[in-house]
Amino acid sequence: GVAFEYDSRSVLVDDFDLDGRQDLLVSQLDSTSRRDVESLHLYRNVWEENGNCIGFCLRPGGGMSAMGTRITIESAMGKQSAVIVNGDSFYTQHSTTRLFGLGKDTHVRKATITWPNGKTTIMEHPKINEYHVVKTD
């Protein structure tokens, strides 16, 4: 349900204000003048009924990139997975943070982070409605 009248070029979805709701960052290109003018728009998500969530901020060490890391959570809703990627949106680079919506679930049984080097970090019963910083050596 999001559309713009202007020429949008790049869209980035992330929780910029860390409130558990995904926001949009959109770049605009205006070619109507003699030279191109670019603008940046931040659209905060202020939806009142958000539901529960859990987030992960990845901080790999040893010169390793977080790209390719898979995060899987297990709750009463089942399993959800996300892979940290780059290059799937025009002129944008995504963060190494992922947010999972839990709806009415009040508990996450387990979070499994599988790093690109094959190592795994397991978190048993991580708290919901907050972000967890996950580091590796």
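Keep in mind it's a predicted model, so treat the numbers as computed, not measured.
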- Item | Donor-acceptor contact present, side-chain Q28 to main-chain S10, <3.5 Å | no
- Query: Is it the case that one hydrophobic cluster holds both I73 and I122, taking links as side-chain heavy atoms less than 4.5 Å apart, direct or via other members?
  - Reply: no
- Which residue pairs pass the ring pair (Phe, Tyr, Trp, His ring centres under 6.0 Å) test when at least one of the two sits in residues 97-123, sequence neighbours left out? H107-H125
- Query: Should N45 and D23 be marked as a side-chain hydrogen bond (donor to acceptor under 3.5 Å, both in side chains) after you check the CA-CA gap, both sets of side-chain angles, and the distance that decides it?
  - Reply: CA-CA 5 Å; N45 181 346; D23 307 301; 5.5 Å; no
- Do the side chains of L40 and L29 join up, straight or via other hydrophobic residues, at under 4.5 Å, putting them in one cluster? no
- Query: salt bridge (Lys or Arg N to Asp or Glu O under 4.0 Å) with R44: which residues, sequence neighbours excluded?
  - Reply: D17
- Same apolar cluster (I L V M F W Y, side chains within < 4.5 Å links), Y131/V13: no
- Message: So does K127 get a backbone contact from the side chain of H132, meaning a donor-acceptor N/O pair under 3.5 Å?
- Response: yes
- Item | T120 backbone acceptor or donor facing T114 side chain under 3.5 Å | no
- Message: Tell me whether D105 contacts the main-chain N or O of M77 through its side chain, where contact means a donor paired with an acceptor under 3.5 Å.
- Response: yes
- Heavy atoms only: give me the nearest D14-S95 pair and the separation to one decimal. OD2-OG, 2.7 Å
- Query: By salt bridge (Lys or Arg N to Asp or Glu O under 4.0 Å), which residues pair with D19, not counting sequence neighbours?
  - Reply: R21
- S75 backbone acceptor or donor facing R109 side chain under 3.5 Å: yes
- Query: Is a donor on one side and an acceptor on the other found under 3.5 Å between the side chain of D15 and the backbone of Q22?
  - Reply: no
- Message: Given 3.5 Å as the limit, does a donor-acceptor pair link the side chain of T96 with the main chain of L58, or not?
- Response: yes
- Hey, are the side chains of S81 and K79 touching, using non-hydrogen atoms and a 4.5 Å cut-off? no
- Query: In a check of side chain to side chain contact (heavy atoms under 4.5 Å, CB included) between R98 and each of I54, I71, T69, which one passes?
  - Reply: I71
- Message: Within the supplied structure, the quantity of interest is the number of heavy atoms (other residues, nucleotides, ligands) at a distance under 6.0 Å from E124 CD; does it exceed 12?
- Response: yes
- N117 side chain to K119 main-chain N or O, any donor-acceptor pair under 3.5 Å? yes
- Item | L42 side chain near L24 side chain, heavy-atom distance below 4.5 Å | no
- Task: Identify whether M64 and M67 are in the same connected component of the hydrophobic contact network (ILVMFWY, side-chain heavy atoms under 4.5 Å).
- Result: yes
